Amino acid sequence: MPEATVAIVGAGVAGAAAAIRLAERGVQVDLYEAVPEPRPIGAGLLLQPTGQRVLAAMGLLDEALALGTRVDRLFGDTPSGRAVLDMSYRRFHPEAYGLGIQRGALMGLLWKRLRELGVRWHCGVAVEGFEPDEAGVTLRLPGGGAARHAALILANGSFSRLREGMKVRQRAQAFPWGAVWTVLPAPPGFPQIELRQRFQSAAKMIGLMPVGKVRHDDAEHGINLFWSLPVADLDGWHERIGLSRLKQQMADLFPDVAPLLAGLHEAAQLREARYADVWMSRWHDGRVLAIGDCAHGMSPQLGQGANMALIDAHELAAEVGGDWPRVFERYSRRRRAHLRFYGQASKGLTPMFQSHAVVAPWLRDRFFGWGGRLPYIHQQSIATLAGVKTGWLWGRLKL
Ligand SMILES: Cc1cc2nc3c(=O)[nH]c(=O)nc-3n(C[C@H](O)[C@H](O)[C@H](O)COP(=O)(O)OP(=O)(O)OC[C@H]3O[C@@H](n4cnc5c(N)ncnc54)[C@H](O)[C@@H]3O)c2cc1C
């Protein structure tokens, strides 16, 4: 394999987008993916205006809009009808909106672009380790094979073991809560323009989001259904809780979900999601760089993970030129403020939505809805959601 090429490990949103943006800048890329035949699956994603801008730069936004659904508002309340979240993108910018899209639809678009660009893609190759030196990086491949590259980009998700090979202070903490989720056909008349959540303390949460179709010829638009569960209850939930009891719990919390649940027939339709908080003191180590969830995994509460992955790819390509260690160092500096802000915001906010805490959700219910009606607080909240903030008081991401 030519030594001038850059290896990217992981063909999720981060790895695929980075391969595209680098190939567009004329970089030779080898993309390694552990899964033998990647399929268009995965949870519904809310792509923020920042992530949409990256898709536009790749020439993929129009198609993404045709597949996904425009989300204008986020609304969350308690069973007693107290509004906890009520955010409208229009108050951030008159033309702003979120894009509800199935991960499978997004991956389909990214993979198509990879093929058009002729990126070399090695599927079914789980990279086992790497050894960096002055001149390049040697990858250890299954079966005792090796591959030599000029630089290595780790984009293999929150639970990456390869990340530990970087000489950088790091922490990856599995989050104690996860979720089950599925995409169900939208019943006639089901609301299509808002992300809807209902909370009972922080121990129960249901989320519904319109996410459009995976393929243009799919007959039905989908609604992503998200049900929060502690990780301890996630393992073997179908034996212990069972589908009909789970559906009953969902309908008890949010009766409006009943027509949607008619499309949920078997436990296998529900997929499990686990996540981890990943912190790194910096994201580069010589010729090795971590991006996406591998670099800054967080809970999905702020709806930023895929968005961040797209921004990482875009910002990395903007720094291409010269030696890879310098490129990666400049990238790390460029991303610092934005990634630090969202890491802190996610850590601070997640216990208010997924935990056994009592005080945090009580404060949330009392003050979020009220605070959100104040123009300044609403502006800050919606700018956070839109993915543009680089500091608590000021600072905006310029893409
Ligand atoms: C329920 C849920 C809801 C979410 N909602 C949103 C949302 O609304 N908005 C949003 O922006 N984000 C959301 N996210 C987060 C988003 O899905 C992730 O942040 C994003 O997909 C991360 O992409 P990634 O490419 O960094 O990692 P991943 O998607 O984890 O991809 C890593 C890839 O690396 C491969 N791999 C692993 N190890 C190896 C190896 N050794 N060799 C080769 N390949 C390897 C894996 O097979 C995988 O394909 C959500 C996540 C969940 C779980």
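Indexing begins at 1, ligand by ligand and atom by atom, following the structure's order. This is a predicted model, so every value here is computed, not measured. Quick note: numbers below take in every heavy atom, side chains included, and nothing from hydrogens, waters or symmetry partners.
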Is any N or O atom of [X], backbone or side chain, closer than 3.5 Å to an N or O atom of ligand 1?
X	result
G305	yes
A43	no
A126	no
V127	yes
Y275	no

Out of curiosity, is [X] lining ligand 1, as in a heavy atom under 4.0 Å away?
X	answer
R103	yes
F159	no
A179	no
P38	no

Nearest to [atom], what protein heavy atom do you find, and at what distance?
atom	answer
atom 7 (C) of ligand 1	L46 N, 3.4 Å
atom 27 (O) of ligand 1	G157 CA, 3.8 Å
atom 44 (N) of ligand 1	A34 N, 3.0 Å
atom 26 (O) of ligand 1	D293 N, 2.8 Å
atom 39 (C) of ligand 1	N156 CB, 3.7 Å
atom 46 (C) of ligand 1	E33 OE2, 3.5 Å
atom 13 (C) of ligand 1	L45 CD2, 3.4 Å
atom 50 (C) of ligand 1	P300 CB, 3.7 Å

Can the ring centroids of H356 and W177 be said to lie less than 6.0 angstrom from one another?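 Close enough - the centres of the two rings lie under 6.0 Å apart.
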
For the [atom1] atom of [X] and the [atom2] atom of [Y], what is their distance to the nearest 0.5 Å?
X	Y	atom1	atom2	answer
L46	N224	CG	CG	10.5 Å
Q173	K347	CD	NZ	5.0 Å
H338	I311	NE2	CD1	4.5 Å

Is [Y] paired with [X] through a side-chain N to carboxylate O contact shorter than 4.0 Å?
X	Y	value
R82	D77	no
E319	R335	no
R140	E131	yes
R274	D235	yes

Let's go through R169 and W279 carefully: what are the C-alpha distance in whole Å and the side-chain angles of both, what is the deciding distance for side chain to side chain contact (heavy atoms under 4.5 Å, CB included) to 0.1 Å, and is it a yes or a no? CA-CA 8 Å; R169 278 188 300 130; W279 175 87; 3.8 Å; yes

Do K389 and Q380 get their side chains close enough for a donor-acceptor pair, meaning under 3.5 Å?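 Yes, because at least one side-chain N or O of K389 sits under 3.5 Å from a partner of the opposite role on Q380.
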
Quiz question: by atom type and distance under 3.5 Å, do the side chains of D365 and T78 form a donor-acceptor pair?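 No - no donor-acceptor pair under 3.5 Å links their side chains.
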
If the cut-off is 4.0 Å to any non-hydrogen atom of N307, which atoms of ligand 1 fall inside it?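 Contacts of ligand 1 toward N307, numbered from 1: 11 (O).
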
Check [X] against ligand 1 and report side chain, backbone, both or neither, counting heavy atoms closer than 4.0 Å.
X	value
A273	side chain
A306	both
V125	backbone
E128	neither
A155	backbone

With atom 1 (C) of ligand 1 as the reference point, say which of F226, W227, Y32 has the nearest heavy atom.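 Minimum heavy-atom distance to atom 1 (C) of ligand 1 goes to F226.
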
Do I223 and L195 sit in one hydrophobic cluster, given that two such residues count as connected whenever their side-chain heavy atoms are within less than 4.5 Å of each other, even indirectly?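 Per the 4.5 Å side-chain linkage, I223 and L195 are not co-clustered.
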
Q48 side-chain N/O to T50 backbone N/O, donor-acceptor pair under 3.5 Å: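 No.
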
Between K247 and L261, is a side chain to side chain contact (heavy atoms under 4.5 Å, CB included) present by the stated rule, with each step listed? CA-CA 7 Å; K247 283 171 70 170; L261 293 180; 4.0 Å; yes

